[in-house]
Amino acid sequence: MEYNFREIEKKWQQRWVEEKTYRVAEDKNKPKFYVLNMFPYPSGAGLHVGHPLGYIASDIYARFKRLQGYNVLNPMGYDAYGLPAEQYAIQTGQHPEKTTFQNIDRYREQLDKIGFCFDWDREVRTCAPGYYKWTQWAFQKMFGSFFSKSPLTPEGESYPGGRAYPIEELVAYFEEKGTDGLDEYGVAQTENLTFSAEEWKAMDEKQKSDTLMNYRIAFMGETMVNWCAGLGTVLANDEVVDGVSVRGGFPVEQKKMRQWCLRVSAYAQRLLDGLETIEWSDSIKETQKNWIGRSEGAEVEFKIADSDESFTIFTTRADTMFGVTFMVLAPESELVEKVTTAEQKAAVEDYIKYVKGRTERERMIDHKVTGVFSGSYAINPFTGEKNPIWISEYVLAGYGTGAIMAVPAHDSRDYAFAKHFNLPIIPLIEGADISEESYDAKEGIVTNSPRKDVKPYIDFSLNGLTVKEAIAATKKYVKEAGLGRVKVNYRLRDAIFSRQRYWGEPFPVYYKNGIPTMIPEECLPIELPEVDKFLPTETGEPPLGNATVWAWDELNKKIVENSKIDNKTVFPIELYTMPGFAGSSAYYLRYMDPHNDEALVSKEADEYWQNVDLYVGGSEHATGHLIYSRFWNKFLFDLGVSCKEEPFQKLINQGMIQGRSNFVYRIKDTNTFVSFDKKDGYDVTPIHVDVNIVSADVLDVDAFKAWRPEYETAEFILNDEGKYVCGWAVEKMSKSMFNVVNPDMIVEKFGADTLRLYEMFLGPVEQSKPWDTNGIDGCHRFLKKLWKFMTQTDPLCPSDISPSMGRPCGEGAIENKPNGNLPIEGEMSEGQRGSSPSKEELKALHTLIKKETADIEAFSYNTTIAAFMVCLNELTKLKCTSREVKETLVILLAPFCPHLAEELWHLLGHDTCVCDAPWPAFNEEYLKEDSVKMMVAFNGKARFPLEFPADVTKEDAEKAALADPQSAKWMEGFTVAKVIVVPGKMINVVLKK
RNA sequence: GCGCUUGUGGCGGAAUUGGUAGACGCGCCAGACUUAGGAUCUGGUAUCUCCGAUGUGCAGGUUCGAGUCCUGUCAGGCGCACCA
């Protein structure tokens with residue numbers, strides 16, 4: 001009987017759906033295990049073979065854990081909001097929901113063919129109102145919270161690294177004390193505001209609202225963006241080149257705009273600390289650490305000469321205070337206006353204009369040395385010297401205080417600037433050569449601090465200390481002398497949370513006389529309104545401005561037509577929508593309790609499932625989704641919604657599957673194509689050819705002629721074997737390279753089990769690799785051999801049994817009387833049960849059990865499959881007929897090839913689903929070696945002359961080695977230095993002269 | 001520039017604490033069975049000057065013994081990048 005994978009897979013996929021085999025529910029009697037994949041954005045192109053890689057890896061793990069007795073949650077859903085659907089809508093007028101749903105259906109169809117154990121009853125879609133209700137809800141909670149390192153009230157709970165508190169507590173504080181003493185609590189804020197309780201009380205509603213925005217976790221803030229007036233929208237940095245938009249070529253300017261933001265920066269320290277508690281790869285942790293960019297330093301205040309004003313700079317090199325020769329402000333700094341003198345006004349304005357014309361991206365790419373003198377000087381509190389204040393784009397407004405003290409001797413950027421503008425350079429480290437470049441290393445002995453040739457300005461010296469000591473000493477001095485404070489800075493910025501787009505979650509916010517006001521929680525979700533076009537409005541408002549029903553009736557608590565806006569009881573609703581990461585930040589919690597209307601997740605479900613034990617997805621999300629999601633979850637943790645601070649305990653980053661493109665070589669100006677191995681000597685143009693008409697790099701010539709009309713008359717120069725051989729290259733898998741391999745095609749040709757096996761056999765899951773269909777035969781052959789082994793040598797499974805005669809599995813199946821002619825346990829004769837396993841068979845089997853159990857846990861799937869192949873070979877050679885061995889083998893196969901395993905399991909007479917079988921325990925007894933080899937090592941060479949029983953002792957081995965004539969010959973002139981016994985492996989006899 | 005990571009046959013890739021490098025698969029070679037083979041089965045397949053020696057990017061080191069540990073170096077991949 002043939003291995004009819006088409007029939008088998010179709011049958012079991014149907015059964016699994018009908019019997020809801022993979023539905024899971026909370027079960028307090030079983031330990032939980034939560035496996036999760038990063039949910040996909042359903043693009044119009046459908047899945048290619050690279051997409052399922054991570055799903056297959058986690059599916060195997062999920063099935064393995066279930067076999068081990070865990071209650072496994074393995075859900076799937078869709079990140080449904082995204083730009084492609086909106087762009088398609090703009091072009092065609094089709095509602096993005098329609099295309100998104102079509103794409104989801106296509107994805108589902110493709111996924112279903114691969115045989116995953118997803119519990120589809122728990123599917124989530126970010127664009128479903130029942131889902132985004134909770135995205136909106138979380139946003140409102142962030143709006144209603146502020147972040148503080150310690151509680152403002154004595155009874156408030158504290159948390160290491162700080163936490164979120166209700167904004168009401170801050171309001172109460174303002175009522176009582178204003179901002180007095182707020183610094184000491186460590187309240188996260190945009191800027192350092194100062195007002196008294198009286199001033200607070202005197203504020204009107206709008207002023208109070210604006211003030212609170214300075215503290216809220218979700219807040220409205222002024223942010224620098226790339227604004228493109230021609231397109232009426234904000235652009236990302238990569239959408240801008242040379243100051244114009246990539247699409248349309250419209251000019252782009254840096255503009256401050258009011259945007260919703262999330263105060264992610266407040267959680268910087270907790271995001272950093274949390275990394276120590278989770279099992280992620282070093283590289284991804286490092287990437288996040290880099291992104292968060294913690295740096296310890298000091299803030300020092302500098303007075304402006306001939307003025308009452310002063311400003312603060314941030315430095316990590318407090319030890320270099322005596323080497324400051326100038327100061328630099330960011331062009332965007334508010335101080336620029338204050339320090340610019342009348343004489344320099346024109347020059348400064350010119351410079352600011354020049355900087356404004358440059359995008360962030362341009363500033364990143366070419367680090368030109370530019371700048372302008374402001375005309376003012378700052379007084380160095382350590383030397384009393386007047387340092388000129390410059391303005392330059394190399395200082396960033398968004399980091400530190402937007403102002404620096406320049407120490408050209410020990411900072412390469414300051415050095416370049418000083419050289420360019422001819423500013424003095426004072427070396428501060430003994431022996432440092434600064435004639436060609438600055439000495440940036442934090443090593444050496446400090447000198448010139450203060451310089452010996454000048455009269456000390458203050459009673460403080462760093463001379464003779466190491467750099468590290470000097471940094472500490474200066475920090476201490478700065479603090480004690482009241483010159484500034486010790487400060488930790490983070491590179492992590494607050495996330496801009498609004499987009500001028502249609503296809504996203506609407507904000508549950510309306511504007512009451514200009515004050516952003518939350519729509520009451522009980523009215524959520526606020527559903528995305530219908531619009532007639534998806535472009536910005538003519539007046540430059542976001543696409544939601546096209547909605548005619550988009551006003552909030554405060555009295556009746558409902559959305560009404562815009563025409564009713566009277567700004568008394570009916571107000572306009574926010575026109576921005578949320579960005580992509582809004583819906584993907586807490587979806588893992590929703591899977592625990594996807595249909596709950598009362599809460600994001602119930603307490604019971606959250607406490608049972610806790611957090612994700614294993615998260616699988618691409619590393620490209622390291623600084624996006626994986627930061628936002630951790631932030632979002634930490635906030636929900638503060639709220640008491642999530643019981644775990646970290647959402648994803650263990651993370652595996654699956655590699656990307658690249659495409660393997662094929663080329664044909666057309667001889668220039670002809671329609672003749674020359675085979676790869678003959679192309680030298682011709683002037684050829686390589687042309688991408690569809691990989692689906694190429695097999696093992698050999699072109700199907702007829703299919704090629706039929707591929708495109710212009711190739712119909714193509715002629716070929718074949719190689720000596722009469723074949724047309726194509727060239728190849730590894731590239732990104734994309735339609736335009738004609739190298740997309742579709743999983744459906746593989747499933748059709750080889751079956752889902754072969755696809756699953758092959759994708760895992762290709763190499764380590766974490767590694768990126770090109771897809772190459774050529775090797776798939778080996779995996780398919782293995783399954784065919786396995787099928788043959790299971791069915792042809794087993795008295796239980798005569799070869800005439802049709803696979804469709806298997807019995808159902810799952811609920812209720814146990815009651816079913818087994819049908820047909822298959823005997824069941826207890827009613828079997830000796831012959832039917834098969835022979836009892838031999839020692840060799842058990843050894844082969846248990847070698848596999850041991851390896852597979854350990855390897856799956858380590859995500860080393862390719863080695864597991866290799867071990868499986870070896871085991872099968874061994875058992876086939878041994879002509880194993882043992883039923884016990886076969887049953888175990890089927891369970892071991894089940895995580896990888898669930899369809900085939902299910903079929904075989906039922907052919908073996910079981911009624912239940914193979915996924916509920918117990919994972920086999922491995923027995924060390926069977927693996928014991930009979931003997932070990934003795935290795936005699938001398939002169940750097942080694943020999944293996946003797947074998948001993950496995951349990952030989954050191955003494956016996958030494959005695960035997962000396963007694964053996966062959967060994968004794970080698971040992972002539974040597975003495976035994978030491979004897980090392982590696983149990984079960986070898987005995988090592990080391991000889992010395 | 002900084003950080004992380006990977007270098008092993010023709011190819012994808014194996015190799016517990018250092019212990020017979022190249023598992024397993026592809027490809028290739030030979031044979032068997034076949035009217036046929038892009039089916040199946042069996043055997044072989046690192047290199048060379050082939051009874052021996054050399055081999056894990058390169059150069060050193062530690063060790064009886066190194067793909068594995070240490071130092072330096074080169075190359076590829078990824079991330080950050082004027083972060084003071």
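Reminder, nothing fancy here: chain letters follow the sequence lines and each chain counts from 1. For the numbers below, each heavy atom of this structure counts, side chains included, while hydrogens, waters and symmetry mates do not.
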Is the phosphate of C11(B), meaning OP1 or OP2, less than 4.0 Å from a side-chain N or O of Arg660(A)?
no
Counting only side-chain nitrogens and oxygens, does Tyr394(A) get under 4.0 Å of the OP1 or OP2 atom of A84(B)?
no
Rounded to the Å, how far apart are [X] [atom1] and [N] [atom2]?
X: Lys851(A); N: U16(B); atom1: NZ; atom2: C1'; result: 9 Å
X: Phe326(A); N: A84(B); atom1: CZ; atom2: C1'; result: 11 Å
X: Asp282(A); N: G79(B); atom1: CG; atom2: P; result: 18 Å

Expressed in whole Å, how much space separates the [atom1] atoms belonging to [N] and [M]?
N: C11(B); M: C48(B); atom1: P; value: 15 Å
N: G1(B); M: A53(B); atom1: C1'; value: 46 Å
N: C82(B); M: A14(B); atom1: P; value: 37 Å
N: A15(B); M: A21(B); atom1: C1'; value: 7 Å

Please tell me which of Thr316(A) and Lys749(A) maps to the more 5' nucleotide of RNA chain B, matching each residue to the nucleotide holding its nearest heavy atom.
Lys749(A)
Short side-chain donor-acceptor distance under 3.5 Å, [Y] and [X]:
X: Asp855(A); Y: Thr863(A); answer: yes
X: Thr370(A); Y: Tyr351(A); answer: yes
X: Asn739(A); Y: Ser661(A); answer: yes
X: Ser295(A); Y: Tyr399(A); answer: yes

Just to be sure I understand the rule, does [X] reach a base, reach only the sugar-phosphate, or reach nothing, if contact means heavy atoms closer than 4.0 Å?
X: Lys784(A); answer: sugar-phosphate
X: Gln767(A); answer: sugar-phosphate
X: Ile404(A); answer: base
X: Pro770(A); answer: nothing
X: Asn290(A); answer: base

Here's one to test your reading of the geometry: is the NZ or CZ of Arg630(A) within 45 degrees of the ring axis of Trp291(A) and under 6.0 Å from its centre?
no
Are [X] and [Y] close enough that their ring centers fall under 6.0 Å?
X: Tyr861(A); Y: Phe761(A); result: no
X: Tyr394(A); Y: Phe417(A); result: yes
X: His410(A); Y: Tyr415(A); result: no

Hey, what are the protein-to-nucleotides 24-26 of chain B N/O distances that come in under 3.5 Å?
residue : atom : partner   : partner atom : Å
C26(B)  : OP1  : Arg781(A) : NH1          : 2.5

So, is G9(B) syn or anti if syn means the angle is within 90° of 0?
syn
Only one of Val407(A), Thr315(A), Ile313(A) passes side-chain contact (heavy atoms from CB on, under 4.5 Å) with Val324(A); say which it is.
Val407(A)
Set out, in order, the CA-CA distance, both residues' side-chain angles and the distance that settles ring-ring contact (aromatic ring centres under 6.0 Å, His included) for Phe5(A) and His780(A), then state yes or no.
CA-CA 10 Å; Phe5(A) 57 84; His780(A) 192 58; 5.4 Å; yes
RNA chain B: stems of at least 3 consecutive Watson-Crick or G-U pairs, cut-off 3.5 Å?
B:1-7 with B:74-80, B:10-12 with B:24-26, B:27-32 with B:40-45, B:46-48 with B:52-54, B:57-61 with B:69-73
Among C82(B), A84(B), G13(B), which nucleotide has an atom closest to any side-chain atom of Phe314(A)?
A84(B)
